[in-house]
There are 2 protein chains.
Amino acid sequence: MKQQRLSDQIAEKLEAMIADGSLMPGEKLPAERDLAHRLEVSRPSLREAIQKMNSKGLLTTRHGGGTYVCEESLEPSFVSPLIALLSDMPESRYDVLEIRHALEGTAAYYAALRSTGEDKEKIKRCFDVMIKNHGSPDPMDEARADAAFHLSIVEASHNVVLLHVMRGLFTLLQSSISHNLDKLYTLPRVFEPLSNQHERLMNATVEGDAERARQAAQEHLVFVEESLQQIDREEVRKQRALRGLTG
Amino acid sequence: MKQQRLSDQIAEKLEAMIADGSLMPGEKLPAERDLAHRLEVSRPSLREAIQKMNSKGLLTTRHGGGTYVCEESLEPSFVSPLIALLSDMPESRYDVLEIRHALEGTAAYYAALRSTGEDKEKIKRCFDVMIKNHGSPDPMDEARADAAFHLSIVEASHNVVLLHVMRGLFTLLQSSISHNLDKLYTLPRVFEPLSNQHERLMNATVEGDAERARQAAQEHLVFVEESLQQIDREEVRKQRALRGLTG
DNA sequence: CCTCAACAACTGGTAAGACCAATTATTCCT
DNA sequence: AGGAATAATTGGTCTTACCAGTTGTTGAGG
């Protein structure tokens, strides 16, 4: 019937890259000249596309600074109102874990079925980074590496909606990590089994054994949940001891 | 502290002219070269402004024909950009179903364990509304009632994060309903089993039988997924037949 | 005199190059 | 080592030119 404007095609391509996760929220786009050359279009055409996405709220541009994928408006709509809530009631962390328990099994299952060679390499890379970051001075580094590993598996499931949901959940978790979650990464007796679980999950996924992958993910989450509960219980005991001393 | 982009200033000026009636809906704008000269700006800048207003739905442009003020525009369209992105890809409906498949089972499970008497009453009310709305002139009514029913169960699971996630997913589903999803509610041979599944899900939940509730939810989602695939296949076949007639 | 096809003059679409302005990273001096 | 001047990078704008559809005119043929 008709041919689309070039700027529309460009915008569409960029939007698809955002939707399928190739472009992360907050990520910086290549420079206009660079990107125009790589997409084999002129700079004005690329600019028109960027302007359009800009007015849609998908990109933000700072003069001399660069163009970025907008993160606020791309946040899954459920996270922002929840962040405040989550820091007020720490027990809702278990709510997040319940959801992960349900979702990560499915993610691992489909990742085992659908992952490409590229996906598998990324999963292995994330695993290595996670191992390397153990014992880092900042526990957040380890938490981020952990999240990146799990998200690489979600990405390999090739379910774009799932990817955005899980990203939102991890954002949610990391924004409230200061409570107790960081302890999970520092306790030595926890790290060993955690690492083994991660390895089993990775192996089952890259080998394409869907059922084993789902199983591994679920066992992992059960362990995390139990460990957290234990940490919380110890925390409560410590608080009580302190109150005993002061009162 | 302004330093507004020139293209934004131009767009603003044009929007003001539309707002105060200087430019009537349907009216043709001067040619780009002409207008650029009259506004004392370059043509690329003017074009960027036009592109932006184009993506806002304020202007329409026909190659070689001219640029016109859109007659009837300004639908609210205040959905999140992410939702808009994902709505454009029809296959994301199946992504949503995969996630629901994982989540609703868990939701039903915990709803059976944790729901209060008040929760159970609300679930029953939503079920009745759903039955009553069957055959409504607007299929969207039925879709909304369906969503409300499922959300009432999620609510009864007393997992606030899960509730927010599922709300987001239903928004996503409803925003892309026009594709095929509405057919799901209109086919008579689909309604009966759908209704039975809903009833089994409700009964298991209010009776507190967690495992049966999870089972019912999962069977329901499997059925929905299969039905949708079948509808899509029929749609493809119909399109092929049409092409056969015209070609 | 009317019809219609070819042509000419718009109009928007794309491209390339140049220069300005703001930001960011680097380097050098104190 | 700290901070200011500077160089490199990046977005913002302009000019020019040419391509591609649309529209209106014109002129030849009925």
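Numbered from 1 within each chain, the chains take letters A, B, ... in sequence-line order.
With salt bridges taken as basic N to acidic carboxylate O contacts below 4.0 Å, none links A/Lys132 and A/Asp128. One finds no salt bridge joining B/Arg5 and B/Glu48 here, because no Lys/Arg side-chain nitrogen approaches an Asp/Glu carboxylate oxygen to under 4.0 Å.
When all heavy atoms of A/Glu104 and A/Phe170 are compared, the closest pair comes out as OE2-CZ, 3.9 Å. Of all heavy-atom pairs spanning A/Phe127 and A/Ser195, the tightest one is CE1-O, 4.3 Å. Scanning all heavy atoms of the two residues, the minimum distance from A/Phe223 to A/Pro193 falls at CZ-CG, 3.5 Å. Of all heavy-atom pairs spanning B/Leu163 and B/Val154, the tightest one is CA-CG1, 3.6 Å. Looking at every heavy atom in both residues, A/His150 comes nearest to A/Asp146 through CD2-OD1, 2.8 Å. Shown here for B/Ser7 and B/Ser45, the closest heavy-atom pair between the two residues is CB-O, 3.8 Å.
Within residues 29-37 of chain B, the residues that have a heavy atom under 4.0 Å from DNA chain C are, in order of number, B/Pro30, B/Ala31, B/Glu32, B/Arg33.
Of the candidate nucleotides D/dC14, C/dA15, C/dA22, C/dA15 has the atom nearest to the side chain of A/Leu6. Nearest nucleotide to the A/Thr67 side chain, out of C/dT14, D/dC14, D/dG11: D/dG11. Minimum atom distance to the side chain of A/Thr61 is reached by D/dG12, of the listed D/dG12, D/dT10, C/dT14.
As a whole-Å value, the separation of A/Arg43 CZ from D/dT10 C1' is 8 Å. As a whole-Å value, the separation of B/Leu46 CG from D/dC14 C1' is 13 Å. Spacing between atom CD1 of B/Ile10 and atom C1' of D/dT13 amounts to 10 Å, rounded to whole angstrom units. Distance CD1 (B/Ile50) to P (C/dG12): 7 Å, rounded to an integer number of Å. The distance between atom CD of A/Glu48 and atom C1' of D/dG12, rounded to the nearest whole Å, is 14 Å. As a whole-Å value, the separation of B/Arg5 CZ from D/dC14 C1' is 17 Å.
For the 3.5 Å distance criterion, the side chains of A/Ser157 and A/Asn159 fail to qualify, holding no donor opposite an acceptor. For the residue pair A/His101 and A/Gln218, no side-chain donor N or O sits within less than 3.5 Å of a side-chain acceptor on the partner.
Just one residue in the list A/Ile10, A/Leu59, A/Asp8 forms a side-chain contact (heavy atoms from CB on, under 4.5 Å) with A/Lys52, and that residue is A/Asp8.
For the pair A/Gly66 and A/Pro44, nearest-nucleotide mapping onto DNA chain D gives the more 5' position to A/Gly66.
Taking only side-chain nitrogens and oxygens, B/Arg47 comes nearer than 4.0 Å to OP1 or OP2 of C/dG13. When the side-chain nitrogen and oxygen atoms of B/Ser45 are compared with OP1 and OP2 of D/dC14, one or more of them lie within a distance under 4.0 Å.
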Intermediate values then yes/no, salt bridge (charged side-chain N to carboxylate O under 4.0 Å, His left out), A/Asp119 and A/Arg114
CA-CA 9 Å; A/Asp119 292 329; A/Arg114 301 171 183 164; over 6 Å; no
Using the 3.5 Å cut-off, write out each protein N or O paired with an N or O of nucleotides 23-26 of chain D and the distance between them.
residue	atom	partner	partner atom	Å
D/dT23	OP1	B/Arg62	NH2	2.7

Pairs under 3.5 Å (N/O, protein and nucleotides 5-7 of chain D):
none

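Side-chain atoms of A/His63 come within donor-acceptor range of the base of D/dG11, with a qualifying N/O pair under 3.5 Å.
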